[in-house]
Amino acid sequence: MNQAIRNSWIVAIALFALLFGSISYVQFFAADSLNANPNNQRQLLKTFCSNRGPILVDGQPIAESVPTDTDCKYQRKYNDPLLYAGLTGFFSKYAGQYGLEFAMKDELAGTSNDAFFERISQAFTGAVPQGYSVELTIDKDIQKMAYDMIPDGVAGSIVVMNPKTGAIIAMVSKPSYDTNLLASHDEGSVRAAQAELSQIPGINLYGSSAYTKLYAPGSVFKLIDTAAALESGKYNKDSVLPNPAKMSFPGISYALPNYAYGKCYTQTEATFTFALENSCNTPFASIALDLGQDAITAQAEKFGFNDNSTKIPDKVVTSRFPGGKGPLSDDALAQSAIGQLNVLSSPLQIAMMTAAIANGGKQMQPNMVQTVRTPDLKTVSSLVPEELRQSTTPEIAAQIKDWMVSVVDNGIASQAGIPGVKVAGKTGTAELGDGLNNSWFTGFAPANDPQVVVSIVMPKVDVATGAQLTSPNASKLFKAVLNK
Amino acid sequence: MSQLATVAKPRRNTELLLLLLALAVGIMANALVNLNLGRTFDNDFYTQSTVLTVLSLAVHITLRFRAKYADPVILPVVVALNGIGLAVIHRLDITKGDSAGPRQWLWTTLAVAAAIAVIWILKDHRILRRYTYISLLASVILLLLPLIPGISAGDVNGATVWIRLGPFTFQPGEIAKITLAIFFAGYLSSNRDLILLAGKKIGPLQLPRTRDLAPMIVAWLASVGVLVFQRDLGSSVLFFGLFMVMIYVATSRISWILIGLALMVVGGFAAYQIFPHVNRRIDGWLYAFNPEYIGGDSFQVVQGLFGMANGGLLGTGFGQGSPEIVPLANSDMIIAAIGEELGLVGLFAVLCLYALLVARGFRAALGTRDAFGKLLAVGLAFSFALQCFVIIGGVTRLIPLTGLTTPFLAAGGSSLLANWIIVALILRISDAARRPLDLSPNSMNEQQKEVPTL
């Protein structure tokens, strides 16, 4: 009998061993993935009422946690919310977490992996983790200036960045809203605000449209065609391009026209300089047809299209070329090559593309977080400029830059110019089919030592409004940044 | 007999020392709860500390008088577990505005009083053997009580296992666990020779005769009955496991285990096919993170897992986690609450206490000299192990979650009462196991006359 008792004891011990194993699995091996599970409300609950770190612009908090008298000890408060809603996002128990509040949640809560040893010591001292502060690369004045350039009623976006470091100097979009409404501790008022805000046309509650929305880029995409042409070796700066007034395609009634109001119709052949200065369509369509869809796609990808991994640190929407699946027909490829139909881009992507040309073909990692600091001001991390990819050769980048300078000096972007400073630029007008356009400008200054890139999109405006809202505003932003 | 060679010592002073340590664990746990939740030391704290101290010293003193040679480790282990349970329940009360804590002290008082009574009145565990068939009858009645209209408390959290007595609710199945163990120990110790010797041998398997299979069939039917009529998966598994281990120890025949496992597989598979509540439990376990189940059938277990993951290695600290998110945090899911706030380290400590308790039960079984005592001790000790396995395994998603109480920790009076009585019985048997044989002629008592030849 005693032997049977001993055998049963072994069974009992085996049961306990299984339990030791399963507890270790849950609390040690699977703990990280359980904590990261989207259905897990605990991390949120832990931080929702806690003293999260501030988000700072020029040393001033644009998001901070202020003490309250309720059970929920801290309330997240956003200062100047309309100006910064698209960057901070918000931190809510009821409406989710977005923007930097989401992307930097571990740092703001003071629980990021960088803080591992600090957490160990907290575990023994019992101290509650305090959030880290996040200082942005944003310039308060430029941000304000850019924001005011978008008229009410226009769902525009503006990105200002440093091409050499990738640091974002300003990023704004309209319409904006008061993030405090969604961060309230009162569920009813959050739900009501969410429902009301989502009625506003063009609004994006979950991050600036500058990096979360896609637009047809129009003629600014021609810069990519140009790079592809030069890189193929089939074209050089002296190439003469076909410039018919219209391009027809066999079996299709649609014919691709040149821009009706410019000088394009004056010649049937064009140099790159002429084609870019006047933003003629048919020369670039014919380049695309000559090189083929794969070559244009490859060049677009070198500039960052179709890359779903870009973070600033919030995730950037993926810009696409071609947007559709499978091979494009000739007419579709021709239209896509001039930034319509099958191509979609975020304003930030256009800024990144421009920055790569400005920076000798080197595309830098875009970022808006300058420094992360502990409450006692120890630096946890600091922005280190990082090369993302080589978009094109320095020679080709220099050549495109020269042409972009002449677009401003002699072409249709002349209003972007600044006296005494060489500015490089390119406009774009994507037709939306109802008389309205996405009006674009992208460019940089000074051309010989680029300090600043400005990309502007004003969607759904008529041609005249678009021209007035893009190039002249870019000029003001160039001046403002260069005078800093 | 080798047992005679060891010098038996009462070890009551060792017990006292360990008991003080155990009290310190329970009281300091409760103090931490108050400190971390920003409470001043309220009346609840002093009441709980006093209740725990007075009660455990009362058991200790009873043992000094009535079971001098009882195992000195068992009582401190149980006091530590009960103390931790009270602290965690108090902690959850504070967050949820509940009052399960005071109920739990009252039940602890009652349960410890019952344990003292058992030790005091029951001078020799073998007396229980006389009540073999009365125990069977009592078990059947206890198991049927929740199904009788009028006293049944109806369907509570999906199972019909409760009865209502005035303002109290009670789970008779918890007591049935003890009476069934007594019945099986009595039946098997009387009939094991018959069961062992009769029957055909097929290959290496010695098959039992059909009539000797009767208790196994009864056990199986009882388990299935509990599963079907009371929809209590946990108790069903527990009863059946209890019978299996006791029959195995009585006969040392692996064939019983194989037959038992076969019955369990058949029963389990049939239950999965036939009963929707079993089916839902199993699917909720297999596909716990599936969106279809995560808000419903697996909500509880997934929230428990999130809590335990939140605790990680060292835990959030008492009062610093959110264990109240988990439904039934202070009863079925108390392990998840402890895991969250005391961490992997804390749960390991708790599991070690259980393993120690089970080990001491088995030690008593090995040491005692009569077959009845051996079977009873093994059955009771194994039921603790099985209960831990079923509930903690369920909470950690090792096996499907079933509603069983975590012994001594979980809120619940019937369970506390039953488990303290079990502890009293194990203490009684361990006393018999460790007591030196008095061979002087004028002290020939019943004990020596019945020493079995093993």
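Here is how names work: the chains are called A, B, and so on, in the same order as the sequence lines, proteins then strands, and each is numbered from 1.
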message = So which atom in B:Phe289 and which in A:Leu34 form the shortest heavy-atom distance, rounded to 0.1 Å?
response =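 For B:Phe289 and A:Leu34, the tightest heavy-atom pair comes out as CZ-CD2, 3.5 Å.
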
query = What's the shortest heavy-atom distance between B:Leu375 and A:Met1, and which atoms?
reply =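 Closest heavy-atom pair between B:Leu375 and A:Met1: CG-CE, 3.5 Å.
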
Name the atoms and distances for all side-chain donor-acceptor pairs under 3.5 Å in residues 386-394 of chain B, with sequence neighbours left out.
residue  : atom : partner  : partner atom : Å
B:Gln387 : OE1  : B:Lys177 : NZ           : 3.1
B:Gln387 : NE2  : B:Thr405 : O            : 3.3
B:Gln387 : NE2  : B:Thr405 : OG1          : 3.3

ask   = Hey, which residues of residues 17-29 of chain A are touching chain B, say heavy atoms under 4.5 Å apart?
value = A:Leu18, A:Leu19, A:Phe20, A:Ser22, A:Ile23, A:Ser24, A:Val26, A:Gln27, A:Phe28

task = Under 4.5 Å, heavy atom to heavy atom: which of residues 3-16 of chain A reach chain B? Give them by number, or say none.
result = A:Ala4, A:Ile5, A:Arg6, A:Asn7, A:Ser8, A:Trp9, A:Val11, A:Ala12, A:Leu15, A:Phe16

task = Name the region of B:Leu313, side chain, backbone, both or neither, that has any atom closer than 4.5 Å to a heavy atom of chain A.
result = both

message = Quick check on B:Phe384 against chain A: is it the side chain, the backbone, both or neither that has a heavy atom closer than 4.5 Å?
response =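 No part of B:Phe384 comes within 4.5 Å of chain A.
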
Go through [options] and name the one with the most non-hydrogen pairs under 4.5 angstrom from chain A.
options                                : value
B:Val245, B:Leu347, B:Val395           : B:Leu347
B:Met308, B:Arg397, B:Glu340, B:Gln303 : B:Met308
B:Tyr248, B:Phe306, B:Phe348           : B:Phe306
B:Gly317, B:Gly339, B:Pro291, B:Ala250 : B:Gly339
B:Leu398, B:Asn36, B:Leu351, B:Leu305  : B:Leu351
B:Cys352, B:Gly311, B:Gly307           : B:Gly307

inquiry  = If you count heavy atoms of other groups shown closer than 6.0 angstrom to CD of A:Glu196, is the number above 12?
reply    =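 No, the 6.0 Å shell around CD holds no more than 12 heavy atoms from other groups.
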
message = Can you confirm whether more than 12 heavy atoms, excluding those of A:Tyr177, are under 6.0 Å from its OH atom?
response = yes

task = Output, in order, the C-alpha distance, side-chain angles, deciding distance and verdict of side-chain contact (heavy atoms from CB on, under 4.5 Å) for B:Asn310 and A:Asn35.
result = CA-CA 6 Å; B:Asn310 185 23; A:Asn35 282 331; 4.3 Å; yes

inquiry  = Out of A:Asn40, A:Asn39, A:Asn37, A:Asp32, return the one with the most heavy atom pairs under 4.5 angstrom to chain B.
reply    = A:Asn40

request  = Considering only heavy atoms, give the residues of residues 376-383 of chain B separated from chain A by less than 4.5 Å, sorted numerically, with 'none' for an empty result.
outcome  =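 When heavy atoms of chain A are the reference, residues 376-383 of chain B contributes B:Val378, B:Phe382 within the under-4.5 Å range.
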
